[in-house]
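Worksheet: one structure, shown below.
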Amino acid sequence: VIFLQLSKSKFIELKCIVCGKKYPENAHSLCEACGGILTGEYKLDYPIDLTRRESIWQFREYLPPVDEPNIISMGEGWTPLVKISNFAQKIALSNSFAAHNLLCKMEGQNPSGSFKDRAASLSVSLAKQWKKEGIFLASSGNAAAATASYCARGDVKCLVLLRDDSTYSKLSQIAMYGPNLVRVRGLFKDTASLVSALKATEESLPDWLNGFIWANYNPLLLDGLKTIAYEIVAVSSPNVPTHIFVPTAGGDLIYGLYKGFLELKTLGQINEIPKMIVVQGAHPGPTVDAVEERIENGQENDDTEPTIAGALRASMISDHAVAAVRKTMGFGVKVTNEEILEAHNLVAKVDGIFCEISSSTALAAIAKSVRNGRLNKDDIVCAIATGSGFKDYRPPFNEVSQIPLADSPDSIPHVLEHIFGASA
Ligand SMILES: [Zn+2]
């Protein structure tokens with residue numbers, strides 16, 4: 001009985017982040033008055049329990065209301081927060097950056113391999129709570145893998161709308177969980193195509209939940225993502241990061257992080273909200289352009305090739321990402337394909353971390369910010385490594401034949417002599 005009382009959700013209502021208009025918990029849209037996104041308001045009257053447990057659901061007081069039997073969880077969250085001192089040392093200019101002050105939040109260690117599991121766990125649990133027949137979403141990447149996985153576990157039907165040119169490597173993981181798949185030509189061509197695809201699906205399947213993992217449709221899912229901020233504070237306190245570098249597409253991750261830190265600040269559990277740094281590839285990078293106000297005079301020496309950070313190819317400005325950066329006096333960084341690959345390879349070689357190419361943008365942006373003097377030795381910097389390296393795989397060699405071959409176990413010493421030189 002005591003446990004049930006303690007775990008009651010403190011959710012009050014949804015509220016527009018721009019004009020403050022209030023909405024019920026199941027509102028599934030942007031603010032009809034001003035077009036702003038909605039976010040969950042909670043009664044912030046009791047400190048958030050930051051002792052380590054087994055999933056995001058330990059924070060259920062500060063998550064939307066879901067009854068215990070409807071919770072679909074598999075230990076999402078509580079990913080490691082690791083120091084990457086060797087990488088930091090390599091990128092540090094003399095005295096400009098203290099190597100022990102660089103942290104990496106390893107979101108690739110979530111059950112389906114990305115941070116989206118936090119939102120998917122919440123989304124599928126809400127579908128059960130609201131007695132929906134299934135979930136549909138449009139994604140060819142991490143959001144689809146996460147949602148299909150939690151739907152499988154929760155015995156909730158799942159329909160994934162895919163772009164018609166999705167790659168086999170991305171589809172394979174999604175298909176393993178057994179969702180219904182439909183390819184749609186021109187799905188992500190622009191916002192209008194996406195909205196009409198989701199609307200047409202919604203009208204055909206009225207009792208399903210639109211689980212498109214984007215706050216514009218699912219304001220509540222930001223609360224799944226904010227748990228990353230809770231965990232960062234839980235593990236790093238009292239040396240809470242001063243800067244959080246966040247790979248950004250739709251903007252929910254960076255806004256969710258900001259929201260989590262804001263709640264902790266309101267409750268007096270941190271003194272200051274870290275600066276939120278929005279990171280994108282060189283092309284497209286509309287949200288960084290908006291933050292850095294480079295829209296009019298935007299002619300830079302950027303790549304003309306699309307960014308290799310596939311998960312970040314978003315062509316529209318995320319207003320809520322811009323808001324998170326502005327409210328924390330943060331900034332924006334675009335990184336070229338060359339810079340991304342350099343960081344991606346370096347962190348694997350010197351710190352043993354293999355993360356998704358799109359996640360390496362955060363590390364590349366940190367290196368660039370050190371070079372540009374935007375970070376200094378007192379800063380404590382955290383990169384959000386959003387996904388596992390297995391998500392978007394680039395083999396380091398084209399042919400296995402490039403690896404030395406021992407014709408038999410007996411010839412191993414001979415091969416080793418070639419690699420390491422004669423010993424003694
Ligand atoms: Zn509004």
Side-chain angles (χ1 to χ4, degrees), residues 11-42 44 62-65 115-116 118-120 122-123 126 130 135 137-139 142-143 146-147 188 190-192 194-199 202 209-229 244 246-263 265-266 273 276-280 286-291 311-312 314-328 330 332 384 386:
F11 180 85
I12 305 167
E13 65 208 345
L14 287 172
K15 202 167 154 190
C16 171
I17 67 163
V18 181
C19 76
K21 190 171 156 61
K22 294 166 181 177
Y23 292 84
E25 66 168 344
N26 59 354
H28 227 65
S29 64
L30 296 169
C31 174
E32 56 200 22
C34 77
I37 65 154
L38 314 181
T39 64
E41 290 279 301
Y42 291 80
L44 296 169
Y62 294 99
L63 294 177
F115 74 101
K116 297 277 186 182
R118 298 171 187 265
L122 197 48
S123 178
L126 286 170
W130 297 345
I135 290 185
L137 79 164
S139 163
N142 293 340
T147 305
F188 289 107
D190 48 35
T191 313
L194 183 58
V195 169
S196 72
L198 293 169
K199 195 157 169 265
E202 200 155 22
L209 178 69
N210 177 354
F212 187 57
I213 301 200
W214 193 25
N216 299 28
Y217 291 93
N218 291 69
L220 292 171
L221 301 187
L222 289 172
D223 291 325
L225 304 180
K226 79 183 176 187
T227 57
I228 303 174
I244 313 281
V246 191
T248 298
D252 287 358
L253 177 57
I254 193 167
Y255 196 86
L257 280 155
Y258 164 69
K259 185 174 195 268
F261 288 117
L262 178 63
E263 290 174 353
K265 169 110 195 298
T266 307
I273 301 176
M276 307 306 296
I277 316 301
V278 63
V279 179
Q280 298 191 302
T287 301
V288 172
D289 286 338
V291 161
L312 306 188
S315 51
M316 48 230 156
I317 297 171
S318 165
D319 292 332
H320 52 298
V322 174
V325 174
R326 293 262 188 269
K327 284 177 180 171
T328 59
I384 308 294
T386 46

Exercise. Yes or no on side chain to side chain contact (heavy atoms under 4.5 Å, CB included) for Phe188 and Ser315, after CA distance, side-chain angles and deciding distance?
Worked result: CA-CA 10 Å; Phe188 289 107; Ser315 51; over 6 Å; no
Exercise. Okay, side chain of His320, backbone of Ile37: is any donor-acceptor separation there less than 3.5 Å?
Worked result: no
Problem set entry | Candidates Asp223, Thr227, Leu44 - the one meeting side chain to side chain contact (heavy atoms under 4.5 Å, CB included) with Tyr62 | Leu44
Exercise. What pair of heavy atoms forms the shortest contact from Cys19 to Cys34, and how long is it?
Worked result: SG-SG, 3.9 Å
For this session: Look up atom NZ in Lys116 and atom CG in Leu253, then write down how far apart they are to the nearest 0.5 Å.
Result: 8.0 Å
For this session: Validate the cation-pi geometry between Lys265 and Phe261: distance from NZ or CZ to the six-membered ring centre under 6.0 Å, angle to the ring axis within 45°.
Result: no
Problem set entry | Among Leu220, Asn216, Leu222, Leu221, the one residue meeting side chain to side chain contact (heavy atoms under 4.5 Å, CB included) with Asn218 | Leu221
Exercise. Sub-3.5 Å donor-acceptor pair from the side chain of Thr147 to the main-chain atoms of Ala120, do we have one?
Worked result: no
For this session: Take Trp130 and Asn26 through the test side chain to side chain contact (heavy atoms under 4.5 Å, CB included) and record every step on the way to the result.
Result: CA-CA 9 Å; Trp130 297 345; Asn26 59 354; 4.1 Å; yes
For this session: With rounding to the nearest 0.5 Å, note down the distance linking CG in Leu262 to CD1 in Ile273.
Result: 4.5 Å
For this session: Check Gly332 against Val291 and note the closest heavy-atom contact, atom names and distance.
Result: N-CG1, 3.6 Å
Exercise. What's the spacing between Tyr217 OH and Leu198 CG if we round to 0.5 Å?
Worked result: 5.0 Å
For this session: Heavy atoms only: give me the nearest Gly211-Ser123 pair and the separation to one decimal.
Result: CA-OG, 4.3 Å
Exercise. Between the main-chain N or O of Val278 and the side-chain N or O of Thr248, is there a donor-acceptor pair closer than 3.5 Å?
Worked result: no
Exercise. Do Lys21 and Glu32 come within less than 4.5 Å of each other through their side chains, counting heavy atoms only?
Worked result: yes
For this session: Over all heavy atoms of both residues, which pair between Pro65 and Leu126 is shortest? Give the atoms and the distance, please.
Result: O-CD2, 4.2 Å
Problem set entry | With His28, the side chain to side chain contact (heavy atoms under 4.5 Å, CB included) member among Leu38, Leu209, Leu14 | Leu209
For this session: Search all heavy atoms of Gly224 against all heavy atoms of Leu122 and return the closest pair with its distance.
Result: N-CD2, 3.4 Å
For this session: Tell me whether the centres of the aromatic rings in Tyr258 and Tyr255 are closer together than 6.0 Å.
Result: yes
For this session: Say whether, by atom type as modelled, one donor and one acceptor occur between the side chain of Thr328 and the main chain of Met276 under 3.5 angstrom.
Result: yes
Exercise. Looking only at heavy atoms, what is the nearest atom pair of Gly251 and Ser318, with distance?
Worked result: CA-OG, 3.3 Å
Exercise. Hey, what do you get for CE (Met316) to CG (Leu194), rounding to the nearest 0.5 Å?
Worked result: 6.5 Å
Problem set entry | Point-to-point distance, once rounded to the nearest 0.5 Å, from CD of Gln280 to CG of Asp289 | 8.0 Å
Problem set entry | Separation of Leu257 CG from Asp252 CG (nearest 0.5 Å) | 11.0 Å
